[in-house]
Amino acid sequence: MSAQQSRSATAFAPATVSNVACGFDVLGFAVAALGDQVTATVTDRPGISIRILDGAESSIPLEPRSNTAGVAAATLLEGAGDRVRGRGLELAIRKGIPPGSGLGSSAASAVAAVVAGNAALGLGIDAPRLLAFALEGERIASGGVLHGDNVAPCLFGGLVVVRSLDPLDVVPIPVPKGLCCALVRPHIEIRTSESRALLGSTIPLSTAVVQWANVAGLVAGLFRGDWDLISRSLGDVVAEPVRGPQVPAFREMKQAALDGGALGSSLSGSGPTVFALCRGAETAERVASAMQRALLAHAGIAGDCYVSAVGGEGARLVETPAPPTPLSRGADRCAS
């Protein structure tokens, strides 16, 4: 295939908030506008090559076996088998989500890579199989642990429960009108694999029961549009007590969110980003500013803030590659 005949496709994949307080490894939602872009170009060289665009962080590996997008795309090629014999993909990655931010950076790159690669190669592979390929990319960012609470909402959009990965069972959850999310990302990085290592492998039964009750309450509250139940259920007694102390001024940011009228607040994924669910855009804007001020006042660290509707659109093809929306205040608003 000559350069003139090469086929390309570009996909955008959104940032995500995973866990959503009580739903460790099973709950997640897409964030509007903020995300990664990957342009996949078919080559006549088998395998994967990677370029990082727009001067993104030098910490992003170019070796395909160490890059989540590269692993996901390689798994796509393997799954396509003879249909892609003798061909490969060049991936040009534009990072809109900072690595180690707790916003699903590795998942977004993996998802965008398989969506773009699938289109560029004309494979027509369905979303559930693409999810499986993207999960293999996400696995390397989590120290070998397979979890779908970033990848699934990134691909499908909305707010979802990942009930099972084998067999795949992803359940969409309705989002009450006006449910918004305030996000503050401190200017530090926390690696998911290192954060997971802090958690250990067992928890007391009494702790598990509290967590199960909160998950059940949160899902019921979302289905019923019961704001008080949603608020009462946004508690994490499993990951937050261990991971929270790793984030400067986490307690102060969380308290600022609650004082500002948030329904609840916790870590986004493994952090350091802190999220707060709010009823209405006006409250979310106020809460985002309050958390940002608390971070600076108590930790002396700057942080970006962002307000979004909960459960935005999932990954999709885009016609014209463009720099992704940066994490900044007021980039998106919620319908009240």
Side-chain angles (χ1 to χ4, degrees), residues 15-31 101-104 107 147-150 152-153 158-163 171 173-176 179-186 190 192 195-196 198-199 203 206-247 249-279 283-284 287-288 290-291 294 306-311:
T16 48
V17 170
S18 61
N19 301 338
V20 197
C22 53
F24 181 74
D25 275 6
V26 299
L27 282 176
F29 64 82
V31 174
S101 61
L103 289 167
H147 62 97
D149 52 337
N150 286 116
L159 190 157
V160 302
V161 172
V162 184
R163 198 205 63 80
V171 183
I173 303 297
V175 176
L179 183 61
C180 298
C181 181
L183 297 161
V184 172
R185 181 189 72 89
I190 293 180
T192 302
S195 181
R196 293 190 77 91
L198 296 173
L199 296 175
I203 59 173
S206 58
T207 299
V209 171
V210 172
Q211 196 84 343
W212 294 334
N214 282 335
V215 173
L218 178 57
V219 172
L222 291 167
F223 267 95
R224 293 166 54 181
D226 186 331
W227 299 98
D228 288 338
L229 181 55
I230 292 170
S231 181
R232 297 198 305 273
S233 303
L234 286 169
D236 175 14
V237 295
V238 172
E240 183 182 303
V242 178
R243 289 172 163 176
Q246 308 301 309
V247 177
F250 168 66
R251 288 171 132 190
E252 290 82 2
M253 283 192 283
K254 181 174 180 176
Q255 189 60 53
L258 297 176
D259 292 344
L263 298 169
S265 177
S266 189
L267 296 172
S268 177
S270 57
T273 295
V274 178
F275 82 93
L277 294 189
C278 304
R279 185 173 184 177
T283 300
V287 165
M291 289 196 296
Y306 185 86
V307 171
S308 169
V310 169

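Here the structure is a predicted model, which is why all the values come from computation and not from measurement. What's counted below: heavy atoms across the whole structure, side chains too, no hydrogens, waters or symmetry copies.
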Flag the pair Val310 / Val17 as yes when at least one side-chain heavy-atom distance between them is below 4.5 Å, and no otherwise. no
Quick one: salt bridge (charged side-chain N to carboxylate O under 4.0 Å, His left out) pairs with a partner in residues 257-274, sequence neighbours left out? none
Starting at CG of Leu263, measure out to OG1 of Thr283 and round the result to the nearest 0.5 Å. 8.5 Å
Kindly say whether Gly102 contributes a backbone atom to a donor-acceptor pair with the side chain of Ser268 at under 3.5 angstrom? yes
Nearest 0.5 angstrom please: Leu159 CG to Ile173 CD1, how far? 6.5 Å
Could you pull out the closest heavy-atom pair between Leu258 and Gly264, with the gap in Å? CD2-CA, 3.9 Å
Under 3.5 Å donor-acceptor, Asp25 side chain and His147 backbone: no
Between Gly235 and Ala21, the two heavy atoms sitting closest are N-CB, 4.2 Å
List the atom of Val160, the atom of Ala152, and the distance in Å for their closest heavy-atom pair. CG2-CB, 4.1 Å
Rounded to the nearest 0.5 angstrom, the CG-CZ distance for Leu277 and Phe29 is 5.5 Å
Do Thr273 and Leu267 touch side chain to side chain, with heavy atoms closer than 4.5 Å? no
Taking the side chain from Asn19 and the backbone from Leu27, do they hold a donor-acceptor pair closer than 3.5 Å? no
So, using side chain to side chain contact (heavy atoms under 4.5 Å, CB included) as the criterion, who are the partners of Ala257 when residues are at least two apart? Ala262, Ser265, Ala276, Val287, Met291
Looking at CZ of Arg232 and CH2 of Trp227, how far apart are the two atoms once the value is rounded to the nearest 0.5 Å? 14.5 Å
For Ala239 versus Leu199, what's the shortest heavy-atom pair and its separation? CA-CD2, 3.9 Å
Residues pairing under salt bridge (charged side-chain N to carboxylate O under 4.0 Å, His left out) where one sits in residues 233-247, two or more places apart or in two chains, turn out to be Glu240-Lys254
Restricting to pairs with a member in residues 215-231, which pass salt bridge (charged side-chain N to carboxylate O under 4.0 Å, His left out), not counting sequence neighbours? Arg224-Asp226
Working note: Asp149 + Phe24, criterion side chain to side chain contact (heavy atoms under 4.5 Å, CB included); need CA distance, chi angles, decisive distance, verdict. CA-CA 8 Å; Asp149 52 337; Phe24 181 74; 5.9 Å; no
For the residue pair Ile190 and Gln246, what are the closest heavy atoms and their distance? CD1-O, 4.1 Å
With salt bridge (charged side-chain N to carboxylate O under 4.0 Å, His left out) as the rule and sequence neighbours excluded, what pairs involving residues 261-276 come up? none
Smallest heavy-atom separation, Ala284 atom then Ala182 atom, equals O-CB, 3.5 Å
Does any part of the side chain of Ser266, heavy atoms only, come nearer than 4.5 Å to the side chain of Phe275, both counted from C-beta? yes
Please name the residue in the list Val20, Leu229, Val161, Leu179 that meets the side chain to side chain contact (heavy atoms under 4.5 Å, CB included) test with Leu222. Leu179
For Ala249, all residues meeting side chain to side chain contact (heavy atoms under 4.5 Å, CB included), sequence neighbours excluded: Glu252, Leu295, His298, Ala299
Could you walk me through whether Ile230 and Leu218 satisfy the side chain to side chain contact (heavy atoms under 4.5 Å, CB included) test, starting with their C-alpha distance in whole Å, then the side-chain angles of each, then the deciding distance to 0.1 Å, before giving a yes or no? CA-CA 5 Å; Ile230 292 170; Leu218 178 57; 3.8 Å; yes
